[in-house]
Amino acid sequence: MTKSALITGVTGQDGAYLAKLLLAKGYEVHGLVARRSSDTRWRLRELGVEQSIRFIEGDLADAGSVQRAVIKAKPAELYNLGAQSFVATSWDQPVTTAMVDGLGVTHALEAIRQFSPETRFYQASTSEMFGLIQAERQDESTPFYPRSPYGVAKLYGHWITVNYRESFGLHASSGILFNHESPLRGIEFVTRKVTDAVARIKLGKQKELRLGNIDAQRDWGFAGDYVEAMWLMLQQERADDYVVATGVTTTVREMCKLAFEHVGLNHEDHVIIDPQFFRPAEVDILLGNPAKAEKALGWTPKTPLVELIQMMVDADLRRVGRE
Ligand code: NAP
Ligand code: F7E
C-alpha cells in the first residue's frame with residue numbers, strides 16, 4: 001500500500017529535498033503551505049517535484065489548520081520542518097518565532113495524539129540549541145544553552161517532542177541537525193549569501209560582499225544528505241533523538257576563501273566587515289559528533305564542504321548568468 005507523508009515547510013530547502021526523496025521512494029507526499037502573497041514554490045520547481053505534491057493550506061501557528069491537514073493526509077509519517085528558521089530574524093520577531101517554532105510543534109503533536117496516534121513524527125531540532133557550547137564536540141548527551149530566541153523556541157519544540165514520546169508513547173523523533181546547505185539554501189544564510197555574491201562579482205554585477213562575524217565556526221553539511229537521515233529515523237522500530245553532522249568545523253572566513261578561490265578570486269579583495277550583520281549574542285563554534293546516527297541509522301555524510309561550496313557557486317553562476 002502507498003505510504004502517505006505530510007511535510008510542513010515543504011517549500012523550504014529541506015522540505016524540497018525531502019519531498020523529492022519520499023516521492024522517489026513511492027510515497028504520496030502532502031505539503032502544508034502557509035498563505036503567502038507571492039510564489040514560494042521555486043525550490044520544488046527546481047527539483048521537478050511541484051506537480052507531484054498535494055498541497056494543503058495551513059499554518060503551524062493555527063492549531064485547527066494543522067489538525068485538518070493531519071485528518072486529510074492521514075500520514076504514516078509527519079515531518080515537521082516548518083519554521084521561522086533565520087536566527088538573526090528571531091531577535092526582531094521573537095514572538096512569531098516562538099509561536100511557529102515552539103508552539104507549532106505542540107500543534108502538530110496534538111493533532112497526531114488526537115486524530116492519528118500511529119503517525120510517526122519527525123521534529124526538525126537544531127544545533128542552535130547547543131549555542132554556548134558545553135562540550136568540545138556536541139552529541140545527544142551534551143547540555144543545551146541556546147543563544148537566540150530561535151534556539152530557545154527550538155529547545156521547547158525539542159523537549160515537547162521528547163515529552164509526547166514519553167507521555168503518550170508516540171513514535172516521535174528529534175533530529176538535532178547541524179547547519180546544512182545546498183544550492184536551494186535561502187539567500188539570507190551565510191553560505192548562499194557568499195556563493196551568490198561570488199557569482200555576481202565574477203560576472204561583473206557586484207563589487208563587494210558585506211559580512212558580519214567571519215570568525216564564527218560551523219559544522220556544514222549538504223542538505224541532500226541530511227534529509228536521508230530524517231527518513232531513516234522514522235524507519236526505526238523505536239523513536240529516538242539523533243545528532244546529524246559532519247564532525248568537521250570551519251570558519252566563515254575559510255568557507256569564503258573556498259568560494260572565491262573556485263572562480264579564481266581572492267576573498268580579501270572583496271569582503272568588507274559590516275557591524276550590521278553581527279548578532280546580539282553569537283554562537284561562536286559548533287562541532288557535531290554524529291557517531292550515534294552512524295551506528296544506529298547507518299547514516300554518514302557524503303559531501304565534503306569544498307564540494308558543497310563549489311556546487312553552490314556553480315549553481316549561482318548559472319542563475320546569475322541567466323538573469
Ligand atoms: P527554510 O528553507 O527556511 O524553510 C522553512 C519552511 O517553513 C518554509 O517552507 C516556510 O514556508 C515554512 N514556514 C514558515 N513559517 C511557517 C508557518 N507559520 N506555518 C507553516 N510553515 C511555515 O528552512 P530549512 O533550512 O529547510 O530548515 C528546515 C527545518 O529544519 C526548519 O525547522 C529549521 O529551523 C530546521 N533546521 C535547519 C537547519 C539548516 O541548517 N538548514 C539546521 C537545523 C534545523 P514559506 O516558504 O512559505 O516561508
Ligand atoms: O549564520 C555568521 C553568523 O545565518 C552562520 C539556520 O539554518 O543553522 C542556521 O543558523 C554564521 C553565524 O546560519 C554573516 O553570525 C557572518 O555565526 O548561515 P547562518 P546559523 O545562524 O548558523 C542552524 C543550525 C539552524 O537551525 C538555523 O535554522 O555566519 N555570519 N556574517 C553571517 N550570517 C549571515 N546570515 N549573514 C552574514 O552576513
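As a basis for the values below, the full set of heavy atoms in this structure was taken, side chains included, without hydrogen atoms, waters or symmetry mates. A quick note: this is a predicted structure, and the numbers were derived from the prediction, not measured. Index from 1, following the sequence. Every number for a ligand or one of its atoms is a count from 1 in the order of the listing.
Residue Leu81 has at least one nitrogen or oxygen atom sitting less than 3.5 Å from a nitrogen or oxygen atom of ligand 1, judged on distance alone. Polar contact check, Glu181 against ligand 1: no nitrogen or oxygen pair lies under 3.5 Å apart.
The option with the heavy atom closest to atom 16 (C) of ligand 2, from among Ile285, Leu211, Asn213, is Asn213. Atom 33 (N) of ligand 2 has its nearest heavy-atom neighbour, among Val190, Thr89, Val87, in Val190.
Under 4.0 angstrom from ligand 2, the non-hydrogen atoms of Ser85 come from both its backbone and its side chain. Residue-level proximity to ligand 1 for Ala223 is absent, since no heavy atom of it falls below 4.0 angstrom.
For the ring-ring contact (aromatic ring centres under 6.0 Å, His included) condition, the pairs that include at least one residue of residues 266-307, sequence neighbours left out, are Tyr226-Trp299, Phe260-His270.
Both tests hold for Arg185 against Phe189: distance to the six-membered ring centre under 6.0 Å, angle to the ring axis within 45°. The side-chain tip of Arg41 points at the ring of Phe55 from less than 6.0 angstrom away and within 45° of straight on.
In the vicinity of Ala124, heavy-atom distances shorter than 4.0 Å reach the ligand 1 atoms 29 (C), 30 (O), 32 (O), 35 (C).
Between Tyr79 and Tyr122, the two ring planes are tilted [angle within 30° to 60°].
Applying the 6.0 Å contact sphere to NZ of Lys72 captures no more than 12 heavy atoms from other residues, nucleotides or ligands.
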